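See structure below.
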Number of protein chains: 2
Amino acid sequence: MDRRVKKKDDDTSGKERPTLKTLAFMTGLGVTTVSRALKDAPEIGAETRRRVQLVAKQIGYRPNRAGVRLRTGKTNVISLVLDTEREIMSFVSDIIYGVTEVIADTPYHLIVTPYSRSQDPLDPVRYLVETGSADGVIISRTQPNDPRARYMLERGIPFATHGRTDMGLVHPYHDFDNYAFAGEAVRYLAGRDRNRLALVTPPVGLTYYGHTVNGFADALSEVGASEVPFNTVSIDHTIEQIRMRTAQLMRRDDRPDGIVSSAAAATLAVVAGIEDAGLTLGRDVDVVSKQSSELLHLFRRELLVVNENFRLAGSELARAVLGWIGGKEPGSLQSLSKPGEVLPYRG
Amino acid sequence: MDRRVKKKDDDTSGKERPTLKTLAFMTGLGVTTVSRALKDAPEIGAETRRRVQLVAKQIGYRPNRAGVRLRTGKTNVISLVLDTEREIMSFVSDIIYGVTEVIADTPYHLIVTPYSRSQDPLDPVRYLVETGSADGVIISRTQPNDPRARYMLERGIPFATHGRTDMGLVHPYHDFDNYAFAGEAVRYLAGRDRNRLALVTPPVGLTYYGHTVNGFADALSEVGASEVPFNTVSIDHTIEQIRMRTAQLMRRDDRPDGIVSSAAAATLAVVAGIEDAGLTLGRDVDVVSKQSSELLHLFRRELLVVNENFRLAGSELARAVLGWIGGKEPGSLQSLSKPGEVLPYRG
DNA sequence: TTGGCAATCTGTAACGTTTCAGTATATTGA
DNA sequence: TCAATATACTGAAACGTTACAGATTGCCAA
């Protein structure tokens with residue numbers, strides 16, 4: 001008649017998810033001991049430790065994330081912060097996979113934190129830090145003087161940037177060597193007797209804009225070629241804009257005979273523009289382009305490509321953040337990926 | 001001399017993140033009252049409610065996720081489960097952005113849960129459910145008899161599938177009408193006097209494989225065209241495989257004069273294969289392809305395209321899961337996106 | 001006056017974890 | 001022998017939240 005709610009603690013039904021209390025009951029130990037045994041604390045007897053760990057494995061114990069997080073503040077979350085409007089498509093996909101590859105056998109989860117063109121890029125980062133939503137952050141579209149990096153450094157939250165900064169501050173990053181890329185591209189074109197070159201730049205304001213432009217300029221003077229200015233577009237522009245402006249450029253008398261492009265999508269537009277102007281790729285003009293998936297050679301065999309591996313970038317960035325969280329020196333968590341050689345189409 | 005650790009509760013420094021206790025102290029109310037006032041509970045006086053909410057807004061109070069999660073089990077997390085090897089690149093990017101668009105003004109976070117070819121696709125879902133890591137799940141690559149959907153239905157966790165199932169079970173989904181797509185493609189090709197048609201299918205085993213194949217077959221008999229079997233590839237195959245097999249196909253005497261392709265990347269390979277065989281797109285053969293970004297017309301103007309909007313899919317899926325979590329009927333959260341018309345290139 | 005009731009508000013416990021401050025027992029050194 | 005110390009373990013408190021079971025007040029009907 002007294003059907004009151006079942007008291008807790010006598011829950012041996014095994015249906016609920018096991019907690020430390022479950023383990024404590026099963027092993028006859030205290031909750032504290034179990035907790036310490038699981039994390040190999042030194043003050044626990046060797047046999048007890050083994051016993052607890054065995055039982056834990058047997059019943060498939062997994063620490064409750066909310067419990068840990070509430071108590072310790074550790075979220076076991078890495079956040080990837082992305083611009084939902086300007087990020088390269090394959091970048092998003094590959095970098096996510098690269099990150100997940102690395103965190104797969106860790107307790108970390110990956111959350112994607114978006115922001116859009118209209119917002120301050122600092123907003124999402126501020127949100128993450130203020131709400132303590134992540135143990136580590138990965139950002140892209142890095143600027144030489146990046147307020148996000150500065151902010152996170154101030155607040156002491158581990159992060160890694162895709163691309164470098166130039167503020168005299170040390171933090172983990174992964175970057176592709178765009179200086180080398182632009183240089184290689186120019187030298188390759190020079191080797192084909194192209195000596196009036198134009199550059200489709202990265203977005204103005206991002207650090208690798210500078211790297212690319214410098215690599216381009218330095219190599220130009222090295223090989224004695226000249227630049228045909230093409231400052232009206234960057235790879236952030238729409239396909240249509242790039243196409244139109246390329247067509248304009250290619251109709252001029254002083255048109256370039258070689259173009260270096262910093263992204264595959266832009267290259268599609270550039271080629272369209274070239275053809276709009278009635279010119280032929282490979283004959284009238286050569287184009288060297290970065291790409292992150294193997295599609296440009298399907299597009300036009302005459303294209304010359306350099307591969308950039310975003311999946312690798314994702315892995316490196318994840319490793320860097322985890323390393324920092326794990327106490328490594330930020331300065332030791334920086335990596336630069338060298339471009340491979342310029343590849344013409346091979347049957 | 002007695003510098004013991006600062007007792008809690010007298011923390012008016014305002015430097016720490018505010019909690020309910022902070023609010024309680026500031027308003028002079030009890031923690032319980034504050035909690036209820038913030039969620040508009042009816043037993044709180046109108047003025048008190050307003051007062052609490054005002055103060056909360058002023059000091060930027062945000063509920064601690066770990067606290068809520070521990071107490072209620074609510075994670076405020078949606079998980080997107082992805083195959084890290086076979087998912088279409090633009091799919092990943094766009095669907096993520098679609099989802100984040102919808103959850104942007106909710107307390108939800110998006111976590112990406114990956115699995116790879118070698119694993120059972122059920123693994124990640126089981127993990128999510130068993131560890132209670134998400135309030136809702138979105139899966140793709142849906143099968144007619146999908147163990148993941150069945151499992152989640154059994155366990156009572158809200159989810160939505162990209163693509164339909166066919167198990168007689170009701171659950172939210174969003175799907176593109178691939179039956180209609182294949183039909184439209186066939187009819188369009190028939191209108192151009194193409195009547196020996198081949199189909200580059202979706203991955204065998206996924207639900208939309210069946211839809212596509214049926215739409216193709218039904219339209220074929222409707223217009224009196226015939227099928228050139230091309231069962232050796234699907235869009236899951238590599239670029240190289242598709243290219244090679246297309247070339248083989250196109251070298252045969254009974255080659256098709258029209259091809260319908262279910263994905264843009266496959267289409268690039270198909271076109272390469274066609275050209276490998278010495279044929280010309282638009283003259284010897286027409287190709288109708290689905291695409292999710294506007295690049296096929298840059299690739300070859302002769303291509304005929306139908307657009308599929310993955311960003312929309314992401315939004316719809318997110319809306320569906322949130323709807324289910326919010327108590328709506330799963331049956332009312334299903335949507336089907338009709339394909340637009342077949343588009344030839346327009347200068 | 002009393003009891004009942006509605007309207008507001010409050011303290012306590014609990015979610016699962018880790019940390020702090022122990023306790024109990026065995027071991028060591030002198 | 002006794003105290004000091006090392007070893008192995010433990011209960012209670014706390015993280016921030018919500019649910020439960022009251023408590024207090026004022027008002028009204030009987």
Side-chain angles (χ1 to χ4, degrees), chain A residues 4-11 16-52 56 59-76 107 130-133 135, chain B residues 4-11 16-52 56 59-76 107 130-133 135:
Chain A
R4 50 176 46 186
V5 113
K6 192 177 66 178
K7 239 338 191 8
K8 264 313 171 61
D9 275 39
D10 29 314
D11 186 1
E16 295 295 317
R17 182 158 165 225
T19 69
L20 288 182
K21 194 146 66 178
T22 319
L23 284 178
F25 177 75
M26 294 179 73
T27 55
L29 296 163
V31 176
T32 304
T33 308
V34 173
S35 172
R36 309 184 107 144
L38 288 177
K39 39 178 54 65
D40 287 318
E43 60 266 58
I44 301 296
E47 192 198 314
T48 305
R49 184 171 26 231
R50 267 184 294 118
R51 196 159 60 90
V52 170
I59 65 173
Y61 168 77
R62 289 166 189 276
N64 178 303
R65 312 191 118 233
V68 175
R69 181 163 172 177
L70 181 57
R71 180 62 234 246
T72 65
K74 184 134 209 289
T75 62
N76 284 308
E130 282 176 1
T131 62
S133 289
D135 297 333
Chain B
R4 49 178 45 188
V5 115
K6 191 179 67 178
K7 239 340 192 6
K8 265 313 168 62
D9 274 40
D10 28 315
D11 186 359
E16 295 296 316
R17 186 163 162 218
T19 68
L20 288 182
K21 194 146 68 177
T22 319
L23 284 179
F25 177 75
M26 294 179 73
T27 55
L29 296 163
V31 176
T32 304
T33 309
V34 172
S35 172
R36 309 186 105 145
L38 288 177
K39 41 178 54 66
D40 286 317
E43 60 267 59
I44 301 296
E47 192 198 315
T48 305
R49 188 174 20 233
R50 268 184 293 118
R51 197 158 60 90
V52 170
I59 65 174
Y61 167 78
R62 288 164 188 277
N64 178 303
R65 313 191 118 233
V68 175
R69 181 164 171 176
L70 182 58
R71 179 64 235 248
T72 65
K74 183 131 208 286
T75 63
N76 284 309
E130 283 175 1
T131 62
S133 288
D135 297 333

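Note that the structure is a prediction, hence the values are computed from the model and not measured. Order of the sequence lines fixes the chain letters, A, B, ..., with proteins taken first and strands second; residue numbering starts at 1 for each chain.
A donor-acceptor pair under 3.5 Å is formed between the side chain of B/R65 and the backbone N or O of B/P107. Judged purely by atom type and a 3.5 angstrom limit, B/R36 has no side-chain atom pairing as donor or acceptor with the backbone of B/E43. Side-chain atoms of B/D135 come within 3.5 Å of backbone atoms of B/T75 as a donor-acceptor pair (strictly under, hydrogens ignored).
Atom NZ in B/K21 sits roughly 14 Å away from atom P in D/dA13 (whole-Å rounding). Atom CZ of A/R71 and atom P of D/dC15 are 8 Å apart (whole Å). Atom CG of B/L38 is separated from atom P of D/dG16 by 15 Å (rounded to the nearest Å). Rounded to whole Å, the distance from CG on B/N76 to P on D/dT17 is 13 Å. Here C/dA14 presents its P atom at 17 Å from CG of A/L20, a figure rounded to the nearest Å. Per the geometry, NZ belonging to B/K74 stands 17 Å off C1' belonging to D/dA19, to the nearest Å. Between the C1' atom of C/dT17 and the CZ atom of A/R69 lies a distance of 14 Å, rounded to the nearest Å.
Residues B/R69 and B/N76 are not in side-chain contact: their nearest non-hydrogen atoms beyond the backbone lie 4.5 Å or more apart. Counting heavy atoms from C-beta outward, A/T19 and A/V31 have side chains that stay 4.5 Å or more apart.
Nearest-nucleotide assignment on DNA chain C puts the 5′-proximal partner with B/T72, out of B/T72 and A/K39.
Each of D/dG16, C/dT18, D/dT17 was ranked by its minimum atom distance to the side chain of B/P63; first place goes to D/dT17. The side chain of A/N64 lies closest to C/dT17, out of C/dT17, C/dT18, D/dG16.
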Open item on the list: Does the protein touch nucleotides 7-12 of chain C at the base, only the backbone, or not at all? Give it as B, S and - per nucleotide, heavy atoms under 4.0 Å.
Closed with: -BBBBB
